Amino acid sequence: MSTTRILLCGAILFTVLAPATLEAGRIVWPCSGRVSSPFGPRSSPCSGCSNYHYGIDIAVPSGTVLGSPGNGTVTSYAYSSCGGNIYKIGYGGGWETRFLHSSSAILGVGTAVTRNVSAARSGNTGSCTTGAHLHFEVRKDGVAQLVPGATNSYVTRNTEVPKEYPGLNDIAAVSVVVDNTSSGFSVVGSWSTGTSAADKYGSNYRFHATAPVSEPASWTASLTAGTYKIYGWWTAGTNRSSGAPYILPDGSSVTANQQNNGGRWNLLGTKYLSGSSTTQLSCWAAGGYVVVADAIKYVK
């Protein structure tokens, strides 16, 4: 396989990742600087700060450009009262990295990123900070993972973090994301557009009241022949359908509980696909709810 590259076709993102033997479980530092606070137990540095440090602090000026630690997709950029602007990059399999207290995003939510591409800028946002720096986290299924680095040690951008995270970047695959704003997305009937849910993929999402009508949302991608895992992304809520009916490209169907597991990729099925492949979401489900059509990902 050739080296890592990004192919952009219309609004559908094609990401070809490097072979697992080259970078299995490895990521790189997003910036250069001195470690000012290591991972682990600590004395709370400010009111409201935790006595356990779930990341590592790198002392850099506000506005320092931060590189992506690996090949993935920007999944969220949202404000938290403590962490300030939090910039998240997902890598599949539950893995993500986080930049806390950032001042701005360079690449927006939904953008496919390659290792070391400039993605965001450091800052001093949020209440749980005593000065400009990058708080850098690695998480698996939401659980913070050790980021090595002793106080006053120095790290260098685009050099490997001295730890392996099994499964992170360990994908020799083609990943195709079709968002609800992509050219491969279409709807039939009365689908509304929403922007308020914090766990959306990209800038917005579509929703439709559940009803016994044939008005599906469709995500279509042109795929090379092979076996693909098909993932769905939705925004969760108590008014969502607990039996949202997805129709996979081979005509089989699967229901998803959209009241839970929002803001993440959820496996819908594994199918052999070739050429134009369409996954649909029907609104034909128990009444009184809505179904949410946000994004679909095909991983070969």
Side-chain angles (χ1 to χ4, degrees), residues 27-70 72-91 94-111 113 116-149 151-155 157 161 168 195-204 235-236 262-264:
I27 55 174
V28 297
W29 293 111
C31 62
S32 300
R34 177 182 59 86
V35 175
S36 57
S37 182
F39 181 97
R42 66 174 181 179
S43 297
S44 179
C46 59
S47 176
C49 292
S50 172
N51 288 323
Y52 197 94
H53 199 210
Y54 293 100
I56 189 171
D57 288 348
I58 304 172
V60 292
S62 183
T64 298
V65 175
L66 308 173
S68 174
T73 302
V74 181
T75 56
S76 176
Y77 183 64
Y79 184 80
S80 163
S81 59
C82 179
N85 297 322
I86 302 177
Y87 189 88
K88 299 180 183 180
I89 299 174
Y91 306 93
W95 286 101
E96 72 175 15
T97 55
R98 300 181 180 182
F99 302 155
L100 276 66
H101 313 300
S102 63
S103 61
S104 64
I106 297 174
L107 300 178
V109 174
T111 304
V113 294
N116 195 43
V117 69
S118 296
R121 293 182 177 87
S122 66
N124 191 33
T125 57
S127 61
C128 298
T129 174
T130 58
H133 69 285
L134 168 65
H135 173 100
F136 175 51
E137 294 184 2
V138 179
R139 291 188 176 248
K140 174 71 164 69
D141 295 326
V143 179
Q145 307 294 304
L146 170 67
V147 181
T151 302
N152 292 324
S153 62
Y154 194 85
V155 301
R157 177 172 167 169
V161 174
L168 196 162
T195 59
S196 61
D199 55 352
K200 61 183 177 293
Y201 185 97
S203 60
N204 55 37
T235 67
R264 53 178 278 187

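Only a predicted model underlies this, so the values are computations on that prediction, with no experimental measurement involved.
In terms of modelled atom types and a separation under 3.5 Å, the side chain of H101 and the main chain of G83 share a donor-acceptor contact. Using a distance-only test at 3.5 Å, with no hydrogens or angles considered, a donor-acceptor pair links the side chain of S127 to the main chain of S81.
Going from atom NZ of K88 over to atom CZ of R139 covers 8.0 Å, rounded to the nearest 0.5 Å. Considering OG1 of T195 and NZ of K200, their distance stands at 6.5 Å, rounded to 0.5 Å. A distance of 4.0 Å separates CD1 in I27 from CZ in F136, rounded to the nearest 0.5 Å. The CD atom of E137 sits 12.5 Å away from the CG atom of L146 when rounded to the nearest 0.5 Å. Note: W95 CH2 to Q145 CD = 4.5 Å, rounded to the nearest 0.5 Å. Considering NE2 of H135 and OG of S36, their distance stands at 10.5 Å, rounded to 0.5 Å.
Between S76 and I86 the shortest side-chain heavy-atom distance does not fall below 4.5 Å. Between L134 and W29, the closest side-chain pair of non-hydrogen atoms is not below 4.5 Å.
In summary, of the residues considered (I56, I58, V28), a side-chain contact (heavy atoms from CB on, under 4.5 Å) with V155 occurs for I58 alone.
Relative orientation of the F99 and Y87 rings is parallel, given thresholds of 30° and 60° on the angle between their planes.
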Check: Run the side chain to side chain donor-acceptor pair (under 3.5 Å) check on N124 and T129 step by step: do they pass?
Finding: CA-CA 7 Å; N124 191 33; T129 174; 2.7 Å; yes
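Taking each heavy atom of N85 and T125 in turn, the nearest pair found is N-OG1, 3.0 Å. In plain terms, the two heavy atoms of L66 and R157 that are nearest each other are C-NH1, 4.2 Å. Contact between S68 and V113 at its shortest, heavy atoms only, is OG-CG2, 3.4 Å. Of all non-hydrogen atoms in T97 and V138, the two that sit nearest each other are CG2-CG2, 4.1 Å. The shortest heavy-atom contact between Y91 and P69 is OH-CD, 3.4 Å. The two atoms that bring S122 and H133 nearest to each other are CB-O, 4.3 Å, heavy atoms only.
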